[in-house]
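Numbers for residues simply follow the sequence, beginning at 1.
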Amino acid sequence: MNMCKSLNVNNLKSVMHSTSNCRGFGMWRRGNTGQGRLWRRVNTLAPSFVVICMGLLCFELHAQEPAQLKAPLPDASHVRWCFDRVESAVSDVAAGREREVDGHTQQVTGVVGVRVTLRWLGMTLATGDAWLSEPIVMSGLPTDLGALTESALASALKQLNAAARESELRGAERTGQPVSLESVEARVRSLASSTLVDVQLAYNLQALPRPPAGMGLDGLEKQLMVAGSPYAHGLVALRQQEGSPLLRAVVWPGSALAMNQSLMGQWAGMLHDVGYAATALQDPNQGVWQDPSLWLGRFDTLQRVRPAQDLPATQLVRGNVLLPPVALDLPTVDWLIRHVADHLLALVREDGSLVGTFHPTSDTFDPVTAPDADAALWLYAVARRINQLKADATQPGNLQRFIDAYTRVSKTLEKRRLALDAQPEPATDALLLLASLESPLGAAPQQRVETLTARLLALRDNESQFTDHGQPIGSPTQAIILAALAKAYERSRDEKLWFTLGESLDKLWASTAPGQRVSQLPWIAMAHFTVARLDPGTSDTMHKLYTQRSLELRSLSEALLAKQVRPPLTAEQGSTDVVGGVDLQPVAGSSMPWPDWNTARFVWLWATLLQQPGVIPFDDRVTCLLGAGLGARFLAQLTYDAPSCFYVRNTPLALGGVRSALWDNRLTLSPSAMTLLALIDLQHAIEGFDK
């Protein structure tokens, strides 16, 4: 007889555990910040450890018996059902209505837990978890989703009541008035009326392999990335020591994303919560991974949230609406340009400085102000956007907003960078020169262009390389410098500059192996094609050299296209949110792609190549254009839209911002600025594709 099927699953209890997660806002104790605890308090349950071991043996059996399922597998309809049930209950609380639990059941196969989160203005008011007491056994059998949802909801509402009571007590301390039951109930109704619901449904629990003994931190992080994709999978740790109750720690991916908790931080928190020392991850000799009392697992989730009072409830994948896995068309590229550009505009302070890295979880900036190199990149990107808007007579008001912001930032940055005692900052000066040459306000002052050009040329040594205080400048920065000098020559046509530019470009090209050229993109392509277009001699030797370099850039483009994530994806590759991204360094042993914002640099390269006559053969142009459109699709997936801001306190500042990766919710300036530049050139490439 199948031992797993002999269990009386109807007698298994749902077990709730939840903690408040709020701080620093008057009535709440702890804050929803990046430094807050992601992990939850341990559960102390007492089922037999024999049952858990038996579940380990039976789990795979149930996963292989889809034809014998007695209830459907979880899908979008089930998380919607849970969400509607929770939101209805919260509405009843807000209206002061008594709610009777109807006891309606919803049988689903493979669900092991439910989390209910109640938020206000992005901050967590309350959470409630319901987790099957024997989830490993139950993962292949029907689960009463209604009972799990009610348990999680009851826990969350209990926390909401506690938050209201604490708020009233704080008020009483200030006023000296006693706290009444009526005032607490009124506070509960007030909180509930502005509460936004977030429901996560856990299913498909799977055992994880243990990392090998003695593995260092670097190897361990890669091993754990293979085990569970950050924010795409939830994590579970169970520990049963002889004579002790079972300890459980769970990481819910939607909550982890809202906290911006790193993958290593998630694991460290779970191990702490099941009784290991805080140094368990740092010290591979503690033998955590060989402890037979520890079981590790991961699970998939379905998440549905209402991101704002005036927005519809939405199902999210890794915190975002899942975009179709297709290349963006021209109208969508234009839409994305407008949103990313508006985000860059929102980063400007009145004094002309730019905000530093924005942490949406805590609504803070670290650093407070963006470095000068980022500000110069902002100027270049916004200058190009302004020149776009000048050709669009339908947006005069929008154009003026950008011009005003550009003027403030330009004056502030130039005051520092053009001072007589300013120390060289090669990347900053090169980007500032590019922004000046783009000149959205008319011709840039000749003195400014000459000063920046001379400062960059002064960095050259006798071997035509660029150095800073005697130390060689990295080749990516050298590529930016050469792109700026090429654009400066395009304006001045100074023969001395032309000779110097040619020598330095030859030196950089010769000293960089083809496999390392990717770090110089897209600037090396800008420098090359600008020089190739402006060559005054057009000699056979120069023509041959330019042709050779163009072929190398085309080959590099093809190699990048080969590393682009294309649909369809296998189950092992995970969610389609990564489609269009370029993964240059796959994690060993993992089939999951890990693309990031650097895809913007490659989209820019593809768009640049498409605008060069004769570089890409006619038969390959469509392939390149589709690759660029897919890359833009991934950049759109990285971009905050309204549903993505369900946990963000300062939504206007986050909207349109491009994150560095799907597993990092912070916003730095460079990904957004580079994305805007890439999309502008992609728009030009699409518009001129048939010409």
Side-chain angles (χ1 to χ4, degrees), residues 218 371 373-374 376-377 380-381 425-431 433-434 456 459-461 463-468 471-487 501 504-531 548-565 580-587 593-609 615 624 627-628 631 634-635 638 658 660-661 664 668-678 681:
D218 290 343
D374 282 357
L377 181 62
Y380 180 47
E425 291 184 14
T428 302
D429 293 338
L431 290 168
L433 177 56
L434 281 170
L456 293 173
L459 299 175
R460 292 177 73 247
D461 62 15
E463 297 181 357
S464 302
Q465 294 188 106
F466 293 91
T467 62
D468 186 10
Q471 298 298 316
I473 295 175
S475 67
T477 300
Q478 289 198 50
I480 301 175
I481 293 173
L482 290 172
L485 292 178
K487 291 294 184 179
L501 173 63
S504 295
L505 186 59
D506 290 346
K507 185 70 175 181
L508 180 60
W509 209 279
S511 62
T512 306
Q516 298 174 330
R517 186 83 60 207
V518 67
S519 67
Q520 302 168 353
L521 297 175
W523 310 107
I524 191 67
M526 180 188 296
H528 164 68
F529 288 117
T530 302
V531 168
Q548 178 184 340
R549 291 176 180 174
S550 296
L551 287 173
E552 183 182 321
L553 288 172
R554 193 182 86 192
S555 296
L556 181 56
S557 164
E558 293 169 352
L560 292 169
L561 285 171
K563 292 181 177 295
Q564 187 176 43
V565 183
V582 177
D583 185 9
L584 292 179
Q585 296 179 324
V587 178
W594 300 88
D596 60 20
W597 75 272
N598 281 288
T599 298
R601 300 194 294 120
F602 312 140
V603 171
W604 197 354
L605 171 67
W606 295 326
T608 299
L609 291 175
V615 173
C624 186
F634 176 69
L635 296 176
L638 288 178
V658 181
S660 60
D664 188 346
T668 55
L669 190 150
S670 292
S672 296
M674 290 294 286
T675 293
L676 178 59
L677 288 163
D681 265 1

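- Side-chain contact between F466 and T477 is absent, with no heavy-atom pair separated by less than 4.5 Å.
- Between P472 and Q478 the shortest side-chain heavy-atom distance does not fall below 4.5 Å.
- D596 and A661 make their closest contact through CB-CB, 4.2 Å (heavy atoms, listed as atom of the first residue, atom of the second, distance).
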Please evaluate residues L505 and I524 with respect to the criterion side chain to side chain contact (heavy atoms under 4.5 Å, CB included), reporting the C-alpha separation (whole Å), side-chain torsions for both, the decisive distance (0.1 Å), and the verdict.
CA-CA 9 Å; L505 186 59; I524 191 67; 3.9 Å; yes

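- Closest approach of S557 to L609, counting heavy atoms only: CB-CD1, 3.3 Å.
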Decide yes or no on side chain to side chain contact (heavy atoms under 4.5 Å, CB included) for N598 and L584, but give the supporting numbers first. CA-CA 10 Å; N598 281 288; L584 292 179; 6.0 Å; no

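- Shown here are the salt bridge (Lys or Arg N to Asp or Glu O under 4.0 Å) partners of R549, two or more places apart in sequence or in another chain: D506.
- A heavy-atom distance below 4.5 Å is found between the side chains of F529 and L553.
- When every heavy atom of P426 is checked against every heavy atom of D468, the shortest pair comes out as CD-OD2, 3.9 Å.
- Across S670 and W597, no two heavy atoms sit closer than the pair O-CZ3, 4.3 Å.
- Of all the heavy atoms in C624 and L561, the pair that sits closest is CA-CD1, 4.2 Å.
- Of the possible donor and acceptor atoms, none in the side chain of D583 sits under 3.5 Å from a partner among the backbone N and O of P595.
- Looking at residues two or more places apart in sequence or on another chain, you find a side chain to side chain donor-acceptor pair (under 3.5 Å) between E425 and T428.
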Donor-acceptor list for residues 508-517 side chains, cut-off 3.5 Å, not counting sequence neighbours:
unit_1, atom_1, unit_2, atom_2, d
W509, NE1, E552, OE1, 3.2
S511, OG, K507, O, 2.9
S511, OG, L508, O, 3.2
T512, OG1, L508, O, 2.8
T512, OG1, Q520, NE2, 2.9
R517, NE, E552, OE2, 2.9
R517, NH1, Q520, OE1, 3.2
R517, NH2, W509, O, 3.2
R517, NH2, T512, O, 3.3
R517, NH2, E552, OE2, 3.1

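- Of the inter-residue distances, the one linking L635 atom CG with L676 atom CG reads 11.0 Å to the nearest 0.5 angstrom.
- For D429, the salt bridge (Lys or Arg N to Asp or Glu O under 4.0 Å) partners two or more places apart in sequence, or in a different chain, are R417, R455.
- Between W604 and the options D681, T599, T675, a side-chain hydrogen bond (donor to acceptor under 3.5 Å, both in side chains) holds for only D681.
- You'll find the side chain of P671 stays beyond 4.5 Å of the side chain of L638, heavy atoms only.
- F634 places none of its side-chain heavy atoms less than 4.5 Å from the side chain of V565.
- Side chains of L677 and L377 form a contact here, defined as non-hydrogen atoms less than 4.5 Å apart.
- Listed by chain and residue number, A430, L431, W523 satisfy the side chain to side chain contact (heavy atoms under 4.5 Å, CB included) test with I480 (two or more places apart in sequence, or in another chain).
- What you find for Q564 and G580 is that their closest heavy atoms are NE2-O, 3.0 Å.
- For the atom pair OG of S504 and CG of L485, the computed distance is 7.5 Å after rounding to the nearest 0.5 Å.
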Give the intermediate values and the outcome of side-chain hydrogen bond (donor to acceptor under 3.5 Å, both in side chains) for residues R554 and S550. CA-CA 6 Å; R554 193 182 86 192; S550 296; over 6 Å; no

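- Panel note: side chain S672, backbone V658; a donor-acceptor pair is recorded below 3.5 Å.
- Considering only heavy atoms from C-beta on, K487 comes within 4.5 Å of L434 through its side chain.
- Remark: D664 pairs with R666 by the salt bridge (Lys or Arg N to Asp or Glu O under 4.0 Å) rule, at least two apart or across chains.
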